[in-house]
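Report on the structure given below.
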Amino acid sequence: FIRKIHPGLLKRSFDPKNTYSLPFSWEIFGIGIDRDFFAAHAEIPKDWEIIFEPPIPYKVAMTNDPIEAVQFASLYLYQGLYPVDQEKLNQIQALLKKQYPSVEAYACFRADYLLATRNCVAALTSSSYIWRTKRQFPFVEFLIPKNSMLTIENIAIPIATDREELVYAFLRFLFS
């Protein structure tokens with residue numbers, strides 16, 4: 001079943017030969033938008049500025065995880081996550097304070113609901129939530145900024161297992 005897994009998800013730094021782990025699920029973070037709103041008001045920005053630097057007054061949904069908020073602000077300001085020294089951290093803090101009046105809600109798992117109900121016109125969230133919402137609400141679109149974040153959930157085989165055959169049976173079941 002490893003042949004069926006996209007090569008970009010394999011060979012991560014913590015297990016470069018996939019000896020003890022396999023990716024189970026993945027998603028990318030991006031921005032869900034109300035396409036109708038932006039078509040009527042302005043050209044749609046294609047990057048993080050839609051969340052951090054709104055060109056017109058509108059409401060956004062922002063992640064409720066403070067670590068993620070700092071990471072996304074770092075992606076916007078510095079096109080990367082690390083290193084973040086104290087000066088950069090101060091600039092990130094200033095950006096998040098500037099963004100605050102435009103935030104309708106800090107909600108990661110319900111950001112798609114805020115977008116679907118048009119309580120906000122842009123939502124920073126993961127791809128799975130937006131794709132699910134997009135099926136019912138055709139005005140919803142998903143943008144992937146050039147410096148986005150991919151999360152990969154892995155299944156790890158305990159090194160001390162004495163039931164290796166059951167572990168592989170379980171993995172075969174999951175990947176079927």
Side-chain angles (χ1 to χ4, degrees), residues 6 8-9 11-16 21 23-134 137 139-154 156:
H6 189 282
L9 302 174
K11 301 178 183 177
R12 309 312 296 176
S13 62
F14 55 85
D15 188 6
S21 67
F24 179 63
S25 65
W26 64 273
E27 59 189 349
I28 193 161
F29 280 84
I31 304 162
I33 63 161
D34 179 337
R35 184 182 41 232
D36 295 345
F37 175 86
F38 285 100
H41 290 88
E43 186 177 321
I44 301 171
K46 296 290 185 198
D47 218 330
W48 293 114
E49 69 264 11
I50 200 169
I51 293 291
F52 292 109
E53 302 280 344
I56 51 179
Y58 54 79
K59 293 293 185 178
V60 301
M62 181 64 179
T63 179
N64 60 344
D65 184 317
I67 294 171
E68 287 178 358
V70 168
Q71 290 174 326
F72 289 119
S74 179
L75 286 171
Y76 170 66
L77 290 173
Y78 309 112
Q79 291 71 52
L81 296 175
Y82 304 106
V84 176
D85 58 23
Q86 189 59 49
E87 182 181 333
K88 287 182 178 178
L89 196 55
N90 292 342
Q91 292 170 344
I92 289 169
Q93 181 181 26
L95 175 66
L96 293 172
K97 284 182 177 180
K98 181 181 172 187
Q99 178 205 40
Y100 176 75
S102 297
V103 176
E104 175 68 21
Y106 292 94
C108 195
F109 300 119
R110 296 308 298 157
D112 60 325
Y113 170 79
L114 295 167
L115 188 59
T117 58
R118 293 190 157 152
N119 284 296
C120 63
V121 298
L124 192 163
T125 191
S126 63
S127 55
S128 60
Y129 289 102
I130 296 302
W131 290 117
R132 178 186 64 198
T133 302
K134 187 177 169 75
F137 301 93
F139 63 87
V140 172
E141 186 175 325
F142 186 63
L143 305 176
I144 302 172
K146 62 182 173 197
N147 294 313
S148 193
M149 192 163 41
L150 172 72
T151 62
I152 304 171
E153 301 294 330
N154 285 275

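Index from 1, following the sequence.
I130 is listed as a side-chain neighbour of V140, based on a closest heavy-atom distance under 4.5 Å. The shortest side-chain heavy-atom distance between R110 and D112 falls under the 4.5 Å cut-off. In this structure, the side chains of H6 and W26 stay at 4.5 Å or more apart for every pair of heavy atoms. Put simply, the side chain of E68 does not reach to within 4.5 Å of the side chain of L124, judged on heavy atoms. Looking only at side-chain heavy atoms (C-beta outward), Q86 and N90 come within less than 4.5 Å of each other. At a threshold of 4.5 Å between non-hydrogen side-chain atoms, the residues Y106 and Y100 count as touching.
In this structure, N154 contributes its side chain and A156 its backbone to no donor-acceptor pair below 3.5 Å. Side chain of K59 to backbone of A122: no donor-acceptor contact under 3.5 angstrom is found. In terms of modelled atom types and a separation under 3.5 Å, the side chain of E53 and the main chain of I50 share no donor-acceptor contact. Judged purely by atom type and a 3.5 angstrom limit, T125 uses its side chain to pair as donor or acceptor with the backbone of C108.
The shortest heavy-atom contact between F38 and V121 is CE1-O, 3.5 Å. Here the closest non-hydrogen pair linking P83 and K88 is O-NZ, 3.5 Å. Counting all heavy atoms, side chain and backbone alike, L81 lies closest to Q71 at CD2-O, 3.5 Å. Listed here is the closest heavy atom pair of I92 and V84: CD1-CG1, 4.1 Å. Of all the heavy atoms in I51 and A61, the pair that sits closest is CD1-O, 4.3 Å. Closest approach of S21 to D15, counting heavy atoms only: N-OD2, 2.7 Å.
Rounding to the nearest 0.5 Å places OG of S148 at 8.0 Å from CD1 of I31. Distance check, rounded to the nearest 0.5 Å: CD of Q99 to CZ of F72 gives 11.5 Å. With rounding to the nearest 0.5 angstrom, the CG atom of L9 is 5.0 Å from the CD1 atom of I152. Residue Y58 holds its OH atom at 7.5 Å from OG of S102, rounded to the nearest 0.5 Å. L150 contributes atom CG, which lies 9.0 Å from atom CD of E27 (distance to the nearest 0.5 angstrom). We find the CD1-OG distance between I28 and S126 to be 10.5 Å, quoted to the nearest 0.5 Å.
Using modelled atom types and a 3.5 Å distance limit, the side chains of D65 and T63 yield no donor-acceptor pair.
Ring planes of F52 and W48: tilted class, angle from 30 to 60°.
Heavy-atom neighbours of F14 CZ from other residues, nucleotides or ligands within 6.0 Å: above the threshold of 12. Heavy-atom neighbours of Y78 OH from other residues, nucleotides or ligands within 6.0 Å: above the threshold of 12.
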